[in-house]
Every structure is written in structure tokens, then in C-alpha cells.
Amino acid sequence: MQFFVDTAEIDQIKELNDLGMVDGVTTNPSLIMKSGRDILEVTKEICAIIDGPVSAEVVALEADDMLAEGRKLAKIADNIAVKVPLTWAGLKTCKTLTDDGIMVNVTLCFSANQALLAAKAGATFISPFIGRLDDINMDGLDLIEDIRTIYDNYGFETNILAASIRSANHMSECAKIGADVATAPPNVIKAMANHVLTDKGLDAFMADAKKAGIKIV
Ligand code: G3P
């Protein structure tokens, strides 16, 4: 499963990238606002750090305006994936941009039917939001499973990009289901390494190493 980092914070992207844990980056208007940066500038900077797909989201609602924004974003770098919302205007824009050979990430997906429409519109990525479904007492992971089943039934090539990831457990569950990508905030990716028994075991090893006076260098 590929790891995308869900942030527009350059220093956090660099840190995880140095650890070899970044296959791509996703942003959205809320993350751009949080960064306090200009969308074109910060997206260009991210594309210079990361080789993999970098998702940048349009802010228009009408198809013609979305298309104009999408084409401008796509000019930033070859690894741009234009992010459009799962509306009919977004699906129309997705079809046109993918026909032009531009990667498209269809976002704000909350149902299997929406994901089916995005695949038929030729989307490169579909972004189902797990956490926001959990927030309303639905099971967001069920949606990932349903989309995996449907896409495999018909051989759709759209990549399932699990989004709105809130915990390390969401990551392993997505991997078990067979999501192609999971995009998570930096702190969630870091938390994946945490285990109390690893800490406990390391403490015991270190204590014994000290007791035995083990020296390697
Ligand atoms: O990529 C979408 C993601 O940023 C939304 O996450 O935690 O606001 O639901 P969240």
C-alpha cells in the first residue's frame, strides 16, 4: 500500500520523506489555509520535494471554472494530480482532464455509487473519507471494502486512495482490505511505529546491555 502524507506543511513532508515513507502528498483548501501559504507557491515547493503524485484541489464549483483551475494547477509540475469534488461538475471536469492525460483525484467520496461514477469518469484516484463517516456513526472502512469489491469485479483501474484517516489502525485496516493508497496526517504515519511491547522490550535489552557492559563501537 502506498503512503501519501495529508498535509501542506513542508518541514513535515521533508521529515517523512527522509524516512522513505512518502509516496505522494495530498492537500485540500483546509490544509492550504492551515499552512498559511499561497496554493501555487506551496504546491510547486511540494512537487520539487516529492516524485510521486501531489494532489492540489480546485476551489471552483462550476465545470468550466474547475477546468480552468485544473489546467493551471496541472502546469505546476508533471506529478500534479488535480483534485475535484464528487459532484457532476467535478465528474465532468475529471473526464476532460483525464482525456488530456492529467491525473485526477476525485475527493469527498462517501458512497460506493459515488466511487463507481468516478471510475466511469476515468479518475486516477478516488478519495473515500473514512473518518468523516465514522464521525456520523457509520463504518468508513466498510466503504473501502465495498469500493474494492466493485472495482475488482469490473477491473476498474482507478486507485482507491483512503482519506480522512484518523488512526494507525485505519492504516493497517486499509492495507488488509487492499486499498491502493492511504493518505494520513504526519502524526498518524509516525504513530504506526508505536507499540508498548517494543518500548518495554527495548528498555529490557538496554538494561541488560548495560549490565553486561556490551560495547560494539
Ligand atoms: O484528505 C482529506 C482529509 O484531509 C480530511 O481529513 O480528518 O478532516 O476528515 P479530516
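Read the numbers this way: they start at 1 and go in the same order the structure lists the ligands and their atoms.
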Any donor-acceptor pair under 3.5 Å linking the side-chain atoms of Thr183 with those of Thr26?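 Yes, Thr183 and Thr26 have a side-chain donor paired with an acceptor closer than 3.5 Å.
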Any side-chain heavy atom of Pro85 sitting closer than 4.5 Å to one from Met66? yes
Might you confirm whether atom CG of Asp78 has over 12 heavy atoms from other residues, nucleotides or ligands at distances under 6.0 Å? no
So, regarding Asp6 and ligand 1 (criterion: nitrogen or oxygen to nitrogen or oxygen, under 3.5 Å), is there a contact or not?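 N/O-N/O distance below 3.5 Å exists for this pair.
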Atom 2 (C) of ligand 1 - nearest protein heavy atom and its distance: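 The closest heavy atom on the protein side is Phe129 CZ, 3.4 Å.
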Test item, Asn28 contacting ligand 1 (heavy atom, 4.0 angstrom):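 For ligand 1, residue contact (heavy atoms, under 4.0 Å) with Asn28 is present.
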Heavy atom to atom 8 (O) of ligand 1, shortest distance: which of Glu57, Lys83, Arg132 holds it?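 The nearest heavy atom belongs to Arg132.
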Give me the residue, atom name and distance of the protein heavy atom closest to atom 6 (O) of ligand 1. Ser164 CA, 3.5 Å
In terms of atom number and element, which parts of ligand 1 are under 4.0 angstrom from non-hydrogen atoms of Arg166?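 Close to Arg166: 7 (O), 9 (O), 10 (P).
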If I take atom CG from residue Asp180 and atom CD1 from residue Ile177, how far apart are they, to the nearest 0.5 angstrom?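 If we round to the nearest 0.5 Å, Asp180:CG and Ile177:CD1 are 12.0 Å apart.
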Verdict with supporting geometry, Asp134 and Arg166, side chain to side chain contact (heavy atoms under 4.5 Å, CB included): CA-CA 10 Å; Asp134 292 354; Arg166 302 289 178 71; 5.9 Å; no
